[in-house]
S.K.: 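One structure coming up, written as structure tokens, with questions to follow.
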Amino acid sequence: MKKDLLKLLDLSKEDITKILNVADQMKYNQKHGLTHNYLAGKTLAMIFEKNSTRTRVSFETGMYQLGGHALFLSGKESQIGRGEPIEDTARVLSRYCDGIMIRTFGQEEVETLAKYASIPVINGLTDFAHPCQVLADLMTVREHKTRLEGLKLCFIGDGNNMANSLIVGGLKCGMDVSVACPEGYDPDLKVLDFAKTVSGPKFSLVRTPQEAAVDADVIFTDVWASMGQEGEKALREKAFAGYQVNDALMALAHPGCMVQHCLPAHRGEEITAEVFEAHAGEIFDEAENRLHAQKAVMYLLMGEDRA
Ligand code: CP
Ligand code: NVA
């Protein structure tokens, strides 16, 4: 494993499998009351320049369960909000803490933070990627379907951070991946270039949700307007009309097809209330698994026997 978790492009299939295996073990330990305070005495600094419910609560709770401590730094209230360079923040936090989790806008900011920090940096969402979410997603699909290889993962909607990370994570784990998004909202070019280099699993980028959903084993979707794009809401509502996970779309997928949503969800937009509620068990398993997957990541990156 590398020092940091910045994006799934940096991880090998073996790295991902190892994280998922440790995550399953973390979940088992937690559910069975088994002690697993591997990070006793360690501190995780959590920098948030965007809103969060799941990421903040799961990281903070996860650190506590591992015997450590997490501290919340709001982008606005810390000196970051007053323009202190990220290079300096990286070096200061490295003198106090044992790891940094950051949620921000540009991927470059996270990469720079990691370059200057001597401690592990974990990407808790950028405009480009959401690796912790997709590790939890892969964990959830594997838990429900017992395997990933050979399954078909479908993503409907914006070619955003979730689409980017799902394409990379799915293909690396041997899943076929199909993505439907409107023209002008494609996934990142670096991700599409990566998809071209993959041999074995199939990748397709299409313009209609119907084409993408055929024979899917799991359908993912996400909001039409991500954090930071609130001003484009009306424009995006037009562009994404029809890019909805509904009963008609589900009928095209494999029987038993799962539905996943990283949340928060907008019922009546990217997903209907009916499909959401019919798959709520899987969707909230996915939310729960953020905790276990991130504990695995923190253990592997910040624990004493870092591999
Ligand atoms: N899915 C996710 O990252 O949720 P939050 O924005 O609530 O952290
Ligand atoms: N694409 C969404 C994901 C939220 C967890 C966003 O960036 O706002």
Side-chain angles (χ1 to χ4, degrees), residues 1-8 10-11 15 18-19 22-23 26 29-30 35-133 135-136 161 227-228 290-307:
M1 297 271 293
K2 295 198 169 179
K3 172 173 88 69
D4 312 291
L5 172 59
L6 307 182
K7 54 188 182 300
L8 295 184
D10 299 336
L11 267 57
D15 291 334
K18 185 169 187 179
I19 294 169
V22 174
M26 289 288 176
N29 290 351
Q30 183 63 26
T35 311
H36 54 289
N37 52 346
Y38 305 118
L39 299 185
K42 304 216 170 184
T43 302
L44 177 77
M46 308 189 298
I47 304 170
F48 282 94
E49 299 197 73
K50 286 177 176 171
N51 291 44
S52 171
T53 297
R54 280 146 289 269
T55 305
R56 178 177 176 183
V57 176
S58 55
F59 267 105
E60 192 163 334
T61 307
M63 265 314 272
Y64 178 75
Q65 292 178 358
L66 288 167
H69 176 69
L71 63 95
F72 174 78
L73 287 167
S74 124
K76 281 199 193 86
E77 286 159 28
S78 64
Q79 296 289 4
I80 297 167
R82 296 180 60 248
E84 181 165 15
I86 200 75
E87 294 86 339
D88 294 355
T89 304
R91 286 175 285 187
V92 169
L93 294 179
S94 298
R95 300 292 180 110
Y96 303 134
C97 302
D98 303 281
I100 307 171
M101 193 285 302
I102 179 166
R103 166 168 287 196
T104 189
F105 295 86
Q107 180 71 18
E108 324 74 60
E109 195 173 333
V110 175
E111 305 272 347
T112 306
L113 183 71
K115 185 173 162 201
Y116 283 85
S118 58
I119 55 178
V121 171
I122 300 170
N123 179 351
L125 181 145
T126 58
D127 294 342
F128 173 69
H130 200 358
C132 292
Q133 177 69 55
L135 289 168
N161 41 19
M227 290 183 276
R290 292 292 302 279
L291 171 70
H292 310 299
Q294 287 159 197
K295 280 168 72 178
V297 169
M298 292 190 288
Y299 165 73
L300 290 168
L301 298 186
M302 295 164 62
E304 291 308 330
D305 48 355
R306 257 200 76 200

S.K.: Quick one: does Leu11's side chain get under 4.5 Å of Leu5's, heavy atoms only?
M.R.: yes
S.K.: Among Leu125, Ile102, Ile47, find the residue that satisfies the side chain to side chain contact (heavy atoms under 4.5 Å, CB included) test when tested with Val110.
M.R.: Ile102
S.K.: Would you call Asp10-Lys7 a salt bridge at under 4.0 Å N-O?
M.R.: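 Looking at Asp10 and Lys7, the cut-off is met.
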S.K.: So, taking the atom named CZ in Arg103 and the one named CG in Asn51, what distance separates them when rounded to the nearest 0.5 Å?
M.R.: 8.5 Å
S.K.: Is Met101 close to Met63 at the side-chain level, that is, under 4.5 Å between some pair of heavy atoms?
M.R.: no
S.K.: How far does CE of Met46 sit from CD1 of Ile122, to the nearest 0.5 angstrom?
M.R.: 11.0 Å
S.K.: His36 and Gln30: side-chain donor and acceptor closer than 3.5 Å?
M.R.: yes
S.K.: Which heavy-atom pair separates Cys132 from Phe59 by the least distance, and what is that distance?
M.R.: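 Looking at all heavy atoms of both residues, the shortest contact is SG-CZ, 3.9 Å.
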S.K.: Mind checking whether Glu304 and Lys42 have side chains closer than 4.5 Å, heavy atoms only?
M.R.: yes
S.K.: Could you go through residues 89-96 and list every donor-acceptor pair under 3.5 Å that involves a side-chain atom there, pairing it with any protein atom two or more places apart or in another chain?
M.R.:
{"from": "Thr89", "atom 1": "OG1", "to": "Pro85", "atom 2": "O", "distance (Å)": "3.3"}
{"from": "Arg91", "atom 1": "NE", "to": "Glu87", "atom 2": "O", "distance (Å)": "3.1"}
{"from": "Arg91", "atom 1": "NH2", "to": "Asp88", "atom 2": "OD1", "distance (Å)": "2.9"}
{"from": "Ser94", "atom 1": "OG", "to": "Ala90", "atom 2": "O", "distance (Å)": "2.7"}
{"from": "Ser94", "atom 1": "OG", "to": "Ser118", "atom 2": "N", "distance (Å)": "3.1"}

S.K.: Roughly how far, to the nearest 0.5 Å, is the OH atom of Tyr64 from the CG atom of Asn37?
M.R.: 10.5 Å
S.K.: So, for Ile86 and Thr112, which heavy atoms are closest and what is the spacing to 0.1 Å?
M.R.: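 Distance-wise, the nearest heavy atoms are CG2-CG2, 3.6 Å.
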S.K.: Mind checking the OH-CG spacing from Tyr38 to Leu66? Nearest 0.5 Å is all I need.
M.R.: 8.5 Å
S.K.: With a 4.5 Å cut-off on side-chain heavy atoms, are Asn161 and Gln133 touching?
M.R.: no
S.K.: Please tell me if the side chains of Ile19 and Met1 come closer than 4.5 Å, counting only heavy atoms from C-beta onward.
M.R.: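 The answer is yes; the side chains approach within 4.5 Å.
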S.K.: Restricting to non-hydrogen atoms, name the atom on Ala129 and the atom on Pro131 that form the minimum distance, rounded to 0.1 Å.
M.R.: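 Smallest interatomic distance, heavy atoms only, reads C-CD, 3.5 Å.
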S.K.: Of all the heavy-atom pairs spanning Ala23 and Ala293, show the shortest one and how long it is.
M.R.: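 Looks like CB-CA, 3.7 Å.
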S.K.: So, taking the atom named NZ in Lys295 and the one named CG in Asn29, what distance separates them when rounded to the nearest 0.5 Å?
M.R.: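 The distance works out to 7.5 Å.
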S.K.: Just how far is it from atom CD1 of Ile100 to atom CG of Leu113, taken to the nearest 0.5 Å?
M.R.: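 One gets 4.5 Å once the value is rounded to the nearest 0.5 Å.
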S.K.: Closest approach of Ser58 and Thr55, non-hydrogen atoms and distance?
M.R.: OG-O, 3.4 Å
S.K.: Taking side chain to side chain donor-acceptor pair (under 3.5 Å) as the criterion, tell me which of Glu109, Glu111, Gln107 meets it with Asn123.
M.R.: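 Testing Asn123 for a side chain to side chain donor-acceptor pair (under 3.5 Å) against Glu109, Glu111, Gln107 leaves exactly one candidate, Gln107.
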S.K.: Looking at every heavy atom in both Pro120 and Met302, which two are closest together, and how far apart are they?
M.R.: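 It is CG-CG, 4.1 Å.
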S.K.: Does the side chain of Leu73 reach to within under 4.5 Å of the side chain of Ile80, using non-hydrogen atoms?
M.R.: no
S.K.: Which of these, Thr126, Asp127, Thr104, sits in a side chain to side chain donor-acceptor pair (under 3.5 Å) with Lys50?
M.R.: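 Considering Thr126, Asp127, Thr104, a side chain to side chain donor-acceptor pair (under 3.5 Å) with Lys50 is found only for Asp127.
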